[in-house]
Trainee: 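Take this structure, written in structure tokens, and hold onto it; I'll ask about it next.
Chain letters run A, B, ... following the sequence lines, proteins first, then strands; residues in each count from 1.
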There are 2 protein chains.
Amino acid sequence: MSNLDLVFGALADGTRRAMLARLGEGETTVNALVALTRHKQPTVSKHLKVLERAGLVMRTPKAQYRMVQLNPVPLQEAELWIKRYASLYTDSFDRLDHLLQDERQNSPIEEQL
Amino acid sequence: MSNLDLVFGALADGTRRAMLARLGEGETTVNALVALTRHKQPTVSKHLKVLERAGLVMRTPKAQYRMVQLNPVPLQEAELWIKRYASLYTDSFDRLDHLLQDERQNSPIEEQL
DNA sequence: AACTCATATTCCATTATGGCTATATAGCCA
DNA sequence: TGGCTATATAGCCATAATGGAATATGAGTT
């Protein structure tokens, strides 16, 4: 499975997006994230695992807490995908550019994404 | 369910991203999309329905074909979300800006997304 | 009308997801 | 040590998602 699958999959949930938004303001603890949502702690831990699997989040132990930290890189990749593949329609110069690049690789297309 | 859920969910699949990438180059038929993937036609039709539900795609009948067309708007919204909520870490000016805006609304956070 | 091609729908099996409760683990503090 | 707190894991359930085969629909074509 592509990493973009995991990243977009992780983003496809409001609770997880809320957690990311919060993490964008700085690292925090798991409990702080629990407080943000209407869910129980184990549920939040599961969501964290999804985010972690997508590479969006890192957990580092600090005393009895696990500090949760945002990793922006996969988000940038996701943003890049949207720009690269789905904004072709706007800029026809860009479009030609991408078409040329795609020429080099071939089917099955899904493996390139 | 938020529309971003549907959009990101739709993007969380390489086959669908491949279809979108193709649609970025212009409208096409369902069969052309089938040819792009390793999947059967009914499967592709299902994927199209997912994309349609997310508002990413429109189908208009043209003779016996259904022309499939990309709708860029939800993609822009998705891109915007990434920028708005998850790129806080980069620009501290931006960050302050968002924090101030968030001040007005409150919990549960997930409903704001 | 009969045939064909393009696409959608139905049904089925398999697997994934999201939430909960209950329980385990592990670090701190007294 | 014992007890509190923070977090993870396991087990369970309901629901949704994925893919295929078979079939239906609908438009063109002869």
Trainee: Is the phosphate of dT7(C) approached by S45(B) (side-chain N or O, under 4.0 Å from OP1 or OP2)?
Mentor: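 Checking S45(B) against dT7(C): no side-chain N or O falls below 4.0 Å of OP1 or OP2.
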
Trainee: Which atoms form the tightest heavy-atom contact between K83(A) and E79(B), and what is the distance?
Mentor: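 Answer, listing the atom of K83(A) first, then E79(B): CE-OE2, 3.1 Å.
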
Trainee: Does any N or O in the side chain of R66(A) come within less than 3.5 Å of the main-chain N or O of T60(A), such that one atom is a donor and the other an acceptor?
Mentor: no

Trainee: Rounded to whole Å, please give me the gap between CG in L33(A) and C1' in dA8(D).
Mentor: 15 Å

Trainee: Can you check the R66(A) CZ to dT9(D) C1' distance for me, whole Å?
Mentor: 12 Å

Trainee: Take atom CE of M67(A) and atom P of dA26(C), then tell me their distance rounded to the nearest Å.
Mentor: 20 Å

Trainee: Expressed as a whole number of angstroms, how long is the span from L48(A):CG to dT17(C):C1'?
Mentor: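 So the CG-C1' distance, L48(A) to dT17(C), works out to 16 Å.
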
Trainee: In whole angstroms, how far is the P atom of dA17(D) from the CE atom of M1(A)?
Mentor: 16 Å

Trainee: Can you check whether any acceptor in the base of dG27(C) is under 3.5 Å from a donor in the side chain of K62(A), or vice versa?
Mentor: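 Between dG27(C) and K62(A), which were checked side chain against base, a qualifying N/O pair under 3.5 Å is absent.
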
Trainee: Any base atoms under 4.0 Å from P61(A), or only sugar-phosphate, or nothing? Heavy atoms, all strands.
Mentor: nothing

Trainee: Using 30° and 60° as the class boundaries, would you call the ring planes of H39(B) and H47(B) parallel, tilted or perpendicular?
Mentor: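 Rings of H39(B) and H47(B): tilted, 30 to 60°.
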
Trainee: Could you pick out which residue, K46(A) or A63(A), lies toward the 5' side of DNA chain C when each is mapped onto its nearest nucleotide?
Mentor: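 Comparing both residues, the 5'-ward one is K46(A).
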
Trainee: Could you check how far CZ of R38(A) sits from P of dG18(C), rounded to whole Å?
Mentor: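 Going from R38(A) (CZ) to dG18(C) (P), I get 13 Å.
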
Trainee: Which is true for K49(A) with a 4.0 Å heavy-atom rule: it touches a base, it touches only sugar-phosphate, or it touches nothing?
Mentor: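 Here K49(A) touches the backbone only, sparing every base.
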
Trainee: Using whole Å, report how far CG of L6(B) lies from C1' of dA16(D).
Mentor: 13 Å

Trainee: On a plain distance test, is the side chain of Q41(B) in donor-acceptor contact with the base of dA8(C) below 3.5 Å?
Mentor: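 Between dA8(C) and Q41(B), which were checked side chain against base, a qualifying N/O pair under 3.5 Å is present.
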
Trainee: With a 4.0 Å cutoff (strictly under), does any side-chain N or O of N31(A) reach OP1 or OP2 of dT5(D)?
Mentor: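 The answer is no; no side-chain N or O of N31(A) sits under 4.0 Å from OP1 or OP2.
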
Trainee: Does T43(A) make a side-chain N or O approach to OP1 or OP2 of dG18(C) shorter than 4.0 Å?
Mentor: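 Indeed not, no polar side-chain atom of T43(A) lies that close.
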
Trainee: Quick check on dA8(C): is either OP1 or OP2 less than 4.0 Å from any side-chain nitrogen or oxygen of R59(B)?
Mentor: yes

Trainee: Please give, in whole Å, the distance from dA17(D) P to D5(B) CG?
Mentor: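 Spelled out: CG on D5(B) to P on dA17(D) is 11 Å.
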
Trainee: For residues V68(B) and V30(B), report the shortest heavy-atom separation together with the two atoms involved.
Mentor: CG2-CG2, 4.0 Å

Trainee: Quick one: is dG19(C) close enough that its OP1 or OP2 comes under 4.0 Å of any side-chain N or O from H47(A)?
Mentor: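 Yes, such a contact exists.
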
Trainee: Under a 3.5 Å limit for both distances, which nucleotide forms a Watson-Crick or G-U wobble pair with dA30(C), could you say?
Mentor: dT1(D)

